[in-house]
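This report refers to the structure that appears directly beneath it.
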Amino acid sequence: MAGRLHNRLAELDTPDHATDEEEIWSLIRLSLVILRIILFVTIILISELMESYYISNLSMAVWALVLGIPLFILISWGIVLGDRIIKKENDEREETTVLRPIRVRI
């Protein structure tokens, strides 16, 4: 048990070689995920608690669904799009002989 804990603490000291863009995206992604969870819980709470209140002949429960579901999808789409952009930037690293050594000499 102590050995595993010591190994995990030692791993925290090693650098992860993440670029600035990756660090910024990880913070933005975390914020979007937390916002998505809060939105989901808020949709459920408004749907359950404000069913008897009406705006424009529609109950607040319906409005919570009409506005909440597209927002949830939009935030999810933003997370997926950001992940694809960051992954694409990581895949476009410059290839050198160190990364791709010559295997067959002509």
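In this text, all values refer to a predicted model and were calculated from it rather than measured experimentally. Here, residue 1 is the first one in the sequence, and each next residue gets the next number.
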**Message:** When you group the ILVMFWY residues by side-chain heavy-atom contacts below 4.5 Å and let the links chain together, are Ile37 and Ile44 in the same group?
**Reply:** yes
Quick note, side-chain hydrogen bond (donor to acceptor under 3.5 Å, both in side chains) partners involving residues 38-66, not counting sequence neighbours, are none
Donor-acceptor contacts, no H, no angles, side chain residues 68-86, under 3.5 Å, sequence neighbours left out:
from, atom 1, to, atom 2, distance (Å)
Ser76, OG, Arg36, NH1, 3.0
Ser76, OG, Phe72, O, 2.9
Asp83, OD1, Trp25, NE1, 2.8
Asp83, OD1, Arg29, NE, 3.1
Asp83, OD2, Arg29, NE, 3.1
Asp83, OD2, Arg29, NH2, 3.2

Applying the 4.5 Å side-chain criterion to the ILVMFWY set and letting contacts propagate, would Ile46 and Val62 be lumped into a single cluster? yes
Looking only at heavy atoms, the pair that brings Ala64 and Ile43 closest together is O-CG1, 4.0 Å
Students should find that the hydrophobic cluster of Ile34, defined by side-chain heavy atoms under 4.5 Å apart, otherwise consists of Leu30, Ile38
To the nearest 0.5 Å, atom CD of Glu23 lies from atom CD1 of Ile28 at 12.0 Å
Met60 and Met50 have their tightest heavy-atom pair at CB-O, 3.1 Å
**Message:** Could you check whether any side-chain heavy atom of Leu35 comes within less than 4.5 Å of a side-chain heavy atom of Leu39, counting everything from C-beta outward?
**Reply:** no
